[in-house]
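Here the structure is laid out as structure tokens; the discussion comes afterwards.
Here, residue 1 is the first one in the sequence, and each next residue gets the next number.
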Amino acid sequence: MDANPFLGVVFHWLGGLAAGSFYVPYKGVKKWSWETYWLVGGFFTWIICPWLLASAMTNDLVGVLKQQSGETLGWTYLFGALWGVGGLTFGLAVRYLGSSLGVGVALGFCAALGTLLPPLLKSVFPRIPTAETIAQIAATTPGKVTLAGVVICLLGIAIAALAGLTKEREMSAEAKQKAIAEFSFLKGILVATFAGVMSACMSFGITAGKPIGEASLAAGTNKIWTGLPTLVVVLLGGFTTNFIWCVFLNLKNRSGYEYLASHRRSENAGAKAGAEAASFSMAELQIPRLTNYGFAALAGVTWYFQFFFYTMGATQMGRYDFASWTLHMASIIIFSTIWGWILHEWKGSSRKAHLLIAGGIGTLILSTIVIGAGAGWNDLMAFIKSH
């Protein structure tokens, strides 16, 4: 199957929709600690979905993985584990900077590093499994157009971050203290930078796992599904990091019983020991286990599908698949912001803040169009000449 960059952009948009939407089902989880529902949903994201879909849609999954070198499996797994660290510290960026600014800064670094580092480093390390160096990409007209799209994307992320900063500056002191009790610009910028760098490791892990996809293609798998075996390895790395942290929190917060319990303990419900604990009735402490597992599973499956569609999109971008990460980040911000509007997170913001976020989203949409045009430049020119 030949590459189809415009179809690739659509797949990346679907991945961004999944990534921007996955947290919504978690809002339906009641009386579970964060570490409990995060780990339950994570099992679907990191273990169940990758193995289930890769087994169903690719040929000889186990055989393909067995024939890989220790270097390929090791780097793919390691980058997945580092990506897991980025996901965990991402929450700290939001804690110190607020949602809008924290997300904007972290995803900005994540997009820039995840997109540009592989082709930049290929000049120094030729064995990096990406098609071309940054110089080779910039030497052609399609490459220049694609790189221009990447720059436009980063500009759009910067505008979106400025919109978030404007929104937060407009908040009253009381509202800001309530929303960002531990606001610290310097600490937040440092943490957001670290989170962005670590989160970009997902891009590096998928790049390191390209030999897995090539082996799957050789085994007879349809090209569009060849990224799925790589996800089995890279998401196993992410599972390792998150599993260790969530179990640590289960032990520290004494919340491990929640997975099977029908009622929550009063101390986990926020009551102090002693007389205040009795103020909670059994009905108030009852855990809706079936509903919680359902919502957590839905969130986990939705989160996995961002990578499912990402790998599909990457197979369609041809020699410029390095831009896939930019498209992914842009799509996440677009759909996350749309959810923010739906959930009234921007209610009460000034006209300036609304114009900035609208301009940021418009710039991000433009970037996906430019990247798609660059990656499919030859087909686009042929279409224009024929019409």
Side-chain angles (χ1 to χ4, degrees), residues 1-13 15-16 75-76 79 107-158 196-197 199-214 217 223-224 226-227 230 310-333 363-384:
M1 183 177 65
D2 295 330
N4 183 341
F6 297 103
L7 179 60
V9 170
V10 172
F11 285 142
H12 283 307
W13 275 52
W75 281 112
T76 305
F79 281 127
L107 289 188
F109 279 106
C110 188
L113 293 172
T115 301
L116 298 177
L117 267 188
L120 279 170
L121 291 176
K122 188 174 178 66
S123 301
V124 182
F125 305 104
R127 293 179 61 185
I128 289 177
T130 191
E132 297 176 316
T133 66
I134 198 75
Q136 290 171 327
I137 293 169
T140 65
T141 299
K144 289 183 176 72
V145 174
T146 304
L147 287 173
V150 172
V151 172
I152 293 171
C153 174
L154 297 178
L155 175 62
I157 292 173
V197 172
S199 296
C201 287
M202 172 57 75
S203 174
F204 306 154
I206 292 173
T207 298
K210 279 189 176 181
I212 303 175
E214 292 167 359
L217 183 64
K223 181 182 178 181
I224 202 167
T226 53
T230 302
Y310 175 88
T311 58
M312 291 173 65
T315 65
Q316 299 301 301
M317 298 305 292
R319 61 192 291 195
Y320 301 113
D321 66 341
F322 79 97
S324 290
W325 194 247
T326 302
L327 291 170
H328 187 58
M329 292 295 105
S331 300
I332 290 174
I333 295 176
T363 305
L364 290 171
I365 293 173
L366 174 62
S367 76
T368 66
I369 296 171
V370 173
I371 290 171
W377 185 262
N378 293 333
D379 291 337
L380 180 61
M381 290 299 101
F383 175 81
I384 292 175

Atom [atom1] of [X] and atom [atom2] of [Y]: how far apart are they, to the nearest 0.5 Å?
| X | Y | atom1 | atom2 | value |
| --- | --- | --- | --- | --- |
| Ile212 | Ile206 | CD1 | CD1 | 11.0 Å |
| Phe11 | Thr315 | CZ | OG1 | 7.0 Å |
| Glu214 | Thr230 | CD | OG1 | 9.0 Å |
| Thr140 | Leu147 | OG1 | CG | 8.5 Å |

message: Within the structure provided, determine whether Ile224 and Gln316 are in side-chain contact (heavy-atom separation under 4.5 Å).
response: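 Side chain of Ile224 against side chain of Gln316, heavy atoms only: contact under 4.5 Å found.
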query: Are side-chain heavy atoms of Thr207 and Phe79 found at a separation under 4.5 Å?
result: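 Answer no - side chains too far apart.
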Considering non-hydrogen atoms only, spot the tightest contact between [X] and [Y] and give its length.
| X | Y | answer |
| --- | --- | --- |
| Ser367 | Gly149 | CB-O, 3.4 Å |
| Tyr310 | His12 | O-CE1, 3.4 Å |
| Val9 | Leu327 | CG2-CD1, 4.2 Å |
| Lys144 | Ala138 | NZ-O, 2.9 Å |
| Ser331 | Gly16 | CB-CA, 3.5 Å |

query: Hey, is the main chain of Lys223 close enough, under 3.5 Å, to the side chain of Thr226 for a donor-acceptor pair?
result: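 A pair under 3.5 Å: yes.
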